[in-house]
J.: 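Handing you a structure now.
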Amino acid sequence: MQILIAGGGIGGLTAALAFLKAGHSVTVLEQAPEIAEVGAGLQISPNGMKVLDALGASARVARDAFRPRAQELRLGRSGARIFSIPLREASQARWRGEYLHIHRADLIEALTGCVVDRAPDAIRLGARVTGFEQSEAGVTAVLSSGEKVSGDLLVAADGIHSAIRTQMLGPDKPRYTGNVAWRAVVPVNKLGDYPPPETACVWAGKRRHAVTYRLRRGSLANFVGVVECNDPGDESWTAIGAREQALKDFKGWNPVVQRIIDEAPLLMRWSLYDRPELPRWQEGRVVLLGDACHPMLPFMAQGAVMAIEDAYVLSRELARGGQPEAALQAYEAKRKPRTTRVQNVARENAQLFHRSNPLYQLGTYGPMWMAGKYLPSVVHGRHDWLYGLDVTEPD
Ligand code: FAD
């Protein structure tokens with residue numbers, strides 16, 4: 001088949017790789033004039049790495065990534081550790097895959113490299129898809145230039161503000177969650193005596209929490225700081241926020257957190273919006289993938305990983321033969337229950353780290369401390385359904 005993919009982000013590129021591997025022709029239509037990623041980190045859990053492994057991309061992806069030693073929860077002000085559970089070796093042993101921290105730019109570069117190795121002309125930059133037309137015989141992507149590109153199938157991996165989703169289902173109605181996320185990446189050598197620990201570390205506090213981890217073999221520190229805020233802003237990767245505001249939001253916090261904010265070359269401010277489950281993900285020969293169909297709050301660190309899983313499952317459903325429309329329906333039926341569950345758990349987690357009442361803090365963190373100290377496998381066990389699944393295994 002000739003498969004068109006709108007969007008050359010994490011989901012679109014993984015899908016391109018999976019389709020090329022299965023013998024299809026692929027054209028990725030990416031709106032950006034060049035491949036340049038915003039500075040932000042991602043956690044790729046073992047369920048995502050198993051897919052990248054099956055597609056032959058894991059070594060390239062892992063090359064500049066960082067392997068966190070442990071998963072930690074600390075109190076934001078004092079830095080007191082509530083629990084620290086081994087992750088590096090435990091991830092392989094328990095979930096049969098690596099747990100990596102990676103810069104988005106490095107992931108995009110690795111995936112792009114894998115795609116162009118197989119098909120040097122597969123990615124078209126500066127190609128913004130504004131809509132689609134379809135018949136029983138095929139589908140056409142319409143570009144902002146007026147050009148039309150035809151194929152057998154159109155995969156919409158065009159992200160959270162998907163133009164194709166809007167044409168298929170109408171405009172969405174995102175609900176502001178009352179939280180904004182600060183994001184920054186800082187060289188560790190700028191942080192003096194206060195580098196973040198070599199762990200996936202959550203810092204919990206009153207109506208706010210932060211996440212720190214290392215990127216690029218440990219040389220960069222990634223920061224996400226989530227704060228409850230009544231003043232919604234842009235839902236955008238590139239919206240810049242004021243350092244003074246970020247410092248105010250984390251005033252009195254541990255020096256590790258404050259130092260990152262002080263030294264950040266840029267602080268991005270992403271307002272977090274939530275969307276309900278979509279009624280459907282496909283229409284004839286057009287199908288949604290990744291954030292286009294299941295945008296999720298970042299509190300499970302699974303948005304990119306779910307897009308990676310989607311790509312593999314879609315490619316496998318197509319490989320079964322038969323009518324493409326049926327394959328798209330089967331893909332939706334397989335993926336939707338899992339991505340909806342992740343969306344729901346992410347929603348629940350939003351409140352978990354923002355306890356303000358000391359009694360609630362004790363009620364939440366006390367059992368976590370006990371479990372982390374005496375029964376780490378119980379804490380790991382909470383993620384078995386998520387990290388343990390291998391979507392590349394025959395079903
Ligand atoms: P994107 O990566 O957004 O890619 C969409 C692509 O489509 C872009 O390249 C865009 O330029 C292009 N595009 C858009 N519109 C058009 C158009 N009309 N025509 C052509 N091209 C178009 N996920 C994780 O797995 N782990 C994490 O640790 C994690 N942390 C996060 C932290 C925060 C604060 C946030 C906000 C998100 C986080 N995520 C994380 C989520 C993750 O970044 C997204 O879920 C993921 O990028 C989705 O991939 P995608 O391919 O669907 O969309």
Side-chain angles (χ1 to χ4, degrees), residues 4-16 27-38 40-45 47-49 51 68 99-105 107-108 111-112 123-132 141-145 149 154-167 177 179-184 200 202 209-211 213 215 222-227 234-239 268-274 288-311 339 342-343 346 386-387:
L4 309 176
I5 301 174
I10 294 159
L13 290 170
T14 311
T27 303
V28 178
L29 302 163
E30 166 58 45
Q31 67 177 3
E34 56 180 336
I35 298 195
E37 264 296 320
V38 291
L42 287 173
Q43 312 198 42
I44 303 293
S45 51
N47 46 319
M49 287 308 294
V51 172
Y99 196 109
L100 296 186
H101 291 161
I102 186 166
H103 198 295
R104 275 180 73 92
L107 179 57
I108 293 285
L111 292 171
T112 302
I123 303 175
R124 274 191 58 182
L125 298 173
R128 187 159 71 85
V129 179
T130 54
F132 64 87
V142 182
L143 306 189
S144 56
S145 61
V149 186
L154 171 62
V155 177
D158 51 348
I160 202 160
H161 302 296
S162 169
I164 296 173
R165 180 188 65 215
T166 303
Q167 178 175 340
T177 59
N179 290 283
V180 298
W182 293 98
R183 305 195 85 179
V202 175
H209 77 277
V211 181
Y213 51 86
L215 306 170
N222 187 68
F223 168 74
V224 181
V226 178
V227 187
D234 287 346
E235 191 185 36
S236 156
W237 285 118
T238 48
M268 287 172 296
R269 190 176 183 274
W270 168 278
S271 293
L272 297 172
Y273 287 79
D274 198 8
L288 307 175
L289 180 147
D291 275 8
C293 51
H294 48 65
M296 48 187 69
L297 299 173
F299 309 124
M300 286 289 281
Q302 283 290 310
V305 175
M306 286 298 115
I308 290 170
E309 284 190 0
D310 285 350
T339 57
V342 180
Q343 281 175 308
L386 185 58
Y387 303 161

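Just follow the structure's listing: the first ligand is 1, and inside any ligand the first atom is 1.
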J.: Can you pull out the closest protein heavy atom to atom 32 (C) of ligand 1? Residue, atom name and distance to 0.1 Å, please.
T.: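 In this structure, atom 32 (C) of ligand 1 has Arg183 NH2, 3.1 Å as its nearest protein heavy atom.
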J.: Is there side-chain contact between Leu13 and Ile123, with heavy atoms separated by less than 4.5 Å?
T.: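 Yes. Closest side-chain heavy atoms under 4.5 Å.
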J.: Looking only at atom types and distance, does a side-chain atom of Tyr213 sit under 3.5 Å from a main-chain N or O of Gly41, one as donor and one as acceptor?
T.: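 Side chain of Tyr213 to backbone of Gly41: a pair is present.
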J.: For ligand 1, which atoms, with element, lie under 4.0 Å from some heavy atom of Gly303?
T.: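 Taking each heavy atom of Gly303 in turn, ligand 1 has 23 (N), 24 (C), 25 (O), 41 (C), 44 (C), 45 (O) under 4.0 Å.
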J.: Any N or O on Ala6 sitting closer than 3.5 Å to an N or O of ligand 1?
T.: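 No - when backbone and side-chain N and O of Ala6 are compared with those of ligand 1, no distance drops under 3.5 Å.
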J.: Of all the non-hydrogen atoms in the protein, which one sits nearest to atom 4 (O) of ligand 1, and at what distance?
T.: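 Scanning the protein heavy atoms, the shortest distance from atom 4 (O) of ligand 1 goes to Gly9 CA, 3.4 Å.
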J.: With atoms numbered from 1 as shown, which atoms in ligand 1 lie under 4.0 angstrom from a non-hydrogen atom of Gly159?
T.: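 Taking each heavy atom of Gly159 in turn, ligand 1 has 5 (C), 53 (O) under 4.0 Å.
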J.: Would you check if the side chain of Arg165 reaches a backbone N or O of Ala292 as a donor-acceptor pair within less than 3.5 Å?
T.: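 Side chain of Arg165 to backbone of Ala292: a pair is present.
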J.: Considering non-hydrogen atoms of the protein only, which is the closest contact for atom 28 (O) of ligand 1, and what is the distance?
T.: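 It is Gln43 N, 2.8 Å.
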J.: Do Trp270 and Glu235 make a side-chain contact, defined as non-hydrogen atoms from C-beta onward lying under 4.5 Å apart?
T.: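 In contact.
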J.: Considering only the protein, which heavy-atom contact is closest to atom 42 (C) of ligand 1, and what is its distance?
T.: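 Nearest protein contact, heavy atoms only, for atom 42 (C) of ligand 1 is Ala304 N, 3.6 Å.
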J.: Contact between Gln167 and Val142 at the side-chain level, heavy atoms closer than 4.5 Å - yes or no?
T.: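 A side-chain contact is absent here, since even the closest heavy-atom pair is not under 4.5 Å.
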J.: Would you say that Leu125 contacts Pro33 through its side chain, given a criterion of any heavy-atom pair below 4.5 Å between the two side chains?
T.: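 When only atoms from C-beta onward are counted, Pro33 and Leu125 do not touch, as no gap falls below 4.5 Å.
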J.: Using a strict 4.0 Å cut-off to heavy atoms of Asp291, name the atoms of ligand 1 that fall inside it.
T.: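 Counting atoms of ligand 1 from 1, those under 4.0 Å from Asp291 are 44 (C), 45 (O), 46 (C), 48 (C), 52 (O).
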J.: Purely on distance, is any nitrogen or oxygen of Leu272 under 3.5 Å from one on ligand 1?
T.: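 No: no nitrogen or oxygen of Leu272 is under 3.5 Å from one in ligand 1.
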J.: Scan the side chains in residues 301-310 for donor-acceptor partners under 3.5 Å anywhere in the protein, sequence neighbours excluded, and list what turns up.
T.:
residue, atom, partner, partner atom, Å
Gln302, OE1, Asn47, ND2, 3.2
Gln302, NE2, Ser45, OG, 2.7
Glu309, OE1, Arg335, NH1, 2.9
Glu309, OE1, Arg335, NH2, 3.1
Glu309, OE1, Arg338, NE, 2.8
Glu309, OE2, Asn47, ND2, 3.0
Glu309, OE2, Arg338, NH2, 2.8
Asp310, OD1, Arg335, NE, 2.6
Asp310, OD1, Arg335, NH2, 3.2
Asp310, OD2, Gly290, N, 2.9
Asp310, OD2, His294, NE2, 2.6

J.: Give the atom numbers and elements of ligand 1 that come within less than 4.0 Å of a heavy atom of Leu29.
T.: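 Listed by number with element, the hits are 20 (C), 21 (N).
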J.: For atom 9 (O) of ligand 1, which protein heavy atom lies nearest, and how many Å away is it?
T.: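 For this ligand atom, the closest protein heavy atom is Glu30 OE1, 2.7 Å.
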J.: Ignoring hydrogens, what is the shortest heavy-atom contact between Gly8 and Ile108? Give both atom names and the distance.
T.: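 Here Gly8 and Ile108 meet closest at O-CD1, 4.3 Å.
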J.: State, to 0.1 Å, how close Leu289 and Ala15 come at their nearest heavy-atom pair, and which atoms those are.
T.: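 Closest approach of Leu289 to Ala15, heavy atoms only: CD1-CB, 4.2 Å.
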J.: Is Thr177 reaching over with its side chain to a backbone N or O of Leu272, donor-acceptor style, under 3.5 angstrom?
T.: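 Present.
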J.: Quick test of your reading of the structure: of Gly7, Ala181, Ala157, whose heavy atom lies closest to atom 5 (C) of ligand 1?
T.: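 It is Ala157 whose heavy atom sits nearest to atom 5 (C) of ligand 1.
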J.: Which heavy atom of Gln43 sits nearest to which heavy atom of Ala200, and what is that distance?
T.: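 Where Gln43 meets Ala200 most closely, the heavy atoms are OE1-CB, 3.9 Å.
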J.: For Arg104 and Ile10, indicate whether the former's side chain and the latter's backbone hold a donor-acceptor pair under 3.5 Å.
T.: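 Looks like no, no N/O pair under 3.5 Å.
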J.: With a 4.5 Å heavy-atom cut-off, do Phe299 and Val226 have their side chains touching?
T.: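 Yes, at least one pair of side-chain atoms sits under 4.5 Å.
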J.: Among Trp270, Tyr273, Tyr213, Trp182, which residue places a heavy atom closest to atom 36 (C) of ligand 1?
T.: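 Answer by nearest heavy atom: Trp270.
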J.: Within a distance under 4.0 Å of any heavy atom of Ala301, pick out the atoms of ligand 1 and give their elements.
T.: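 Checking each atom against Ala301, I get 24 (C), 25 (O), 26 (N), 27 (C), 28 (O).
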J.: Which one of Asp158, Val305, Ile308, Leu42 has a non-hydrogen atom at the shortest distance from atom 40 (C) of ligand 1?
T.: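 The residue whose heavy atom sits nearest atom 40 (C) of ligand 1 is Leu42.
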J.: May I ask whether Ser162 has any heavy atom positioned less than 4.0 angstrom from an atom of ligand 1?
T.: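 No, that is not the case, since the closest heavy atom of the residue is not under 4.0 Å from the ligand.
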J.: Quick check: does Ala307 get an N/O under 3.5 Å from an N/O on ligand 1?
T.: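 By distance alone, the answer is no.
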J.: Side chain or backbone of Met306 under 4.0 Å from ligand 1, or both, or neither, by non-hydrogen atoms?
T.: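 Neither; no heavy atom under 4.0 Å.
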J.: Provide the full list of salt bridge (charged side-chain N to carboxylate O under 4.0 Å, His left out) pairs with a residue in residues 292-305, sequence neighbours left out, each pair given once.
T.: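 As it turns out, there is no salt bridge (charged side-chain N to carboxylate O under 4.0 Å, His left out) pair with a partner in residues 292-305 once direct neighbours are skipped.
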J.: Below 3.5 Å, N or O to N or O, backbone or side chain included: is there any such pair between Gln31 and ligand 1?
T.: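 The answer is yes, given that Gln31 and ligand 1 share an N or O pair closer than 3.5 Å.
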J.: If you have a sec, work out which protein heavy atom is nearest atom 51 (O) of ligand 1 and how many Å separate them, to one decimal?
T.: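 Checking every protein heavy atom, the shortest distance to atom 51 (O) of ligand 1 gives Gly11 N, 2.7 Å.
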J.: Please report which non-hydrogen protein atom sits nearest to atom 37 (C) of ligand 1, along with the residue it belongs to and the distance in Å to one decimal place.
T.: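 Going atom by atom, the protein heavy atom closest to atom 37 (C) of ligand 1 ends up being Trp237 CH2, 3.8 Å.
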J.: Using a strict 4.0 Å cut-off to heavy atoms of Gly290, name the atoms of ligand 1 that fall inside it.
T.: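 Numbered from 1, ligand 1 contributes 52 (O).
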J.: Is there side-chain contact between Asp158 and Val129, with at least one heavy-atom pair below 4.5 Å?
T.: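 No, their side chains stay 4.5 Å or more apart.
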J.: Show me which atoms of ligand 1 lie under 4.0 Å from any heavy atom of Arg104.
T.: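 Listed by number with element: 2 (O), 43 (O), 47 (O).
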J.: Can you tell me which portion of Ala40 lies within the under-4.0 Å heavy-atom range of ligand 1? Options are side chain, backbone, both, or neither.
T.: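 The answer is neither; Ala40 stays 4.0 Å or more away.
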J.: What is the nearest protein non-hydrogen atom to atom 18 (N) of ligand 1, stated with its residue, atom name and distance?
T.: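 Looking at atom 18 (N) of ligand 1, the protein heavy atom closest to it is Val129 O, 2.9 Å.
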